[in-house]
Amino acid sequence: MILEVTGLVTRTVDLSESDRMISLFTAEKGMISAVARGSKNYANRAMAAAQLFCYGRFLLYRRGDKYWVKEAELIESFYAIRQDIVRTALCSYLCDVLNDTATAQPEPELLRLALNALHAAASGRFQPVQIKAAFEWRAAALLGFMPDVTACRDCGRTEGNFMLYVMDGTIVCDECRASLAEGPEQPGEHVVAELLPPGVLHAVRYVLFCPQEKLLSFRLSDEEMHLFARAAETYLTNQLERTFRSLQFYHQVEEL
Ligand SMILES: [Zn+2]
C-alpha cells in the first residue's frame, strides 16, 4: 500500500548509521511516523526532506507495522531557522507541542499555524517571543482550550484590568477580584493567575480570533509583550498539563 502525504517533519530519531525515524505532521493523516532509509546519504533525495522542520511531499509504503519513506520531495526547508540558535530552539519547542498533541486525525488549521510560525521564524522579521506566544494562544484554542476572554467571569465587564485564571481559562476584573473573599494571593490556595492589562488583553483577543495569515499583525510594548508571552506559556502548559525540555532550552538560549 502506497500513501502519499504532505507534511512537516516535527521530530527525527537516528536508528542507525543509515536509517532515521521521522515524525510527520501531515495534512492528510495527522501525525504519522515513518522510517527514512539511507537518509544520511547526502545523495539521497529523501534525505533532504527527512530533516527537522522540513516540509515536503512524502511517498510512503507500509511494511509490517511501520511506514517507510519511498520517495520524498522537499517543498520548504526553512533553512534560515537553523542558522540561529534561538529560532532553532523556538521551532523545536513548537514541534514538540505538535508531537505531544497531534493525533491520527487531520488538523489542517494546526498544521497551517505551525507552517506560518516556521515561515515567520525563518523570515527573521518577527521577534521569537511574539511568534512563540501567538502560536501558544492560537494552538490552545485549536486544541480545544479556548479561554473565555470576552468579559469578566463575575460581572460581565469587557474593558479594564483583568487577571486570567489559568486553570479554567476565565478572566476576572480588578473590581471583582477585590471583592472576592479568596484571591489568588491567599496562602494555601493553588490558583494560577496572570495579569492581563488592557493592551495585553486586546492582543490575546486578537490572536485568538484573527484570520490566521494576520496572526502576527499586532504590536505591543516590551513590557506588554512580556506579560502576553508569560500568560500564553503558562496557559498552554497548564492546559496540556506538562512542560517541555525544548521549552526550557529555549528559555536558556533566549537569555544568552
Ligand atoms: Zn468583574
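Just the heavy atoms: all of them, side chains too, but no hydrogens, waters or symmetry mates, feed the values below. Ligands are counted one by one from 1 in listed order, and the atoms in each one are counted from 1 as well.
Below 30°, between 30° and 60°, or above 60°: for H119 and F78 the angle between ring planes is above 60°, a perpendicular geometry. Note: W137 and F228 have tilted aromatic rings, judged against thresholds of 30 and 60 degrees for the angle between ring planes.
Taking D100 as the reference, R242 meet the side-chain hydrogen bond (donor to acceptor under 3.5 Å, both in side chains) condition, with sequence neighbours excluded. For T150, the side-chain hydrogen bond (donor to acceptor under 3.5 Å, both in side chains) partners two or more places apart in sequence, or in a different chain, are D148. Looking at residues two or more places apart in sequence or on another chain, you find no salt bridge (Lys or Arg N to Asp or Glu O under 4.0 Å) involving E223.
Taking a cut-off of 2.8 Å, the protein N, O or S atoms nearer than that to the Zn ion (ligand 1) are C152 SG, C155 SG, C173 SG, C176 SG.
More than 12 heavy atoms of other residues, nucleotides or ligands lie within 6.0 Å of OH in Y61, so this atom counts as buried by the packing criterion.
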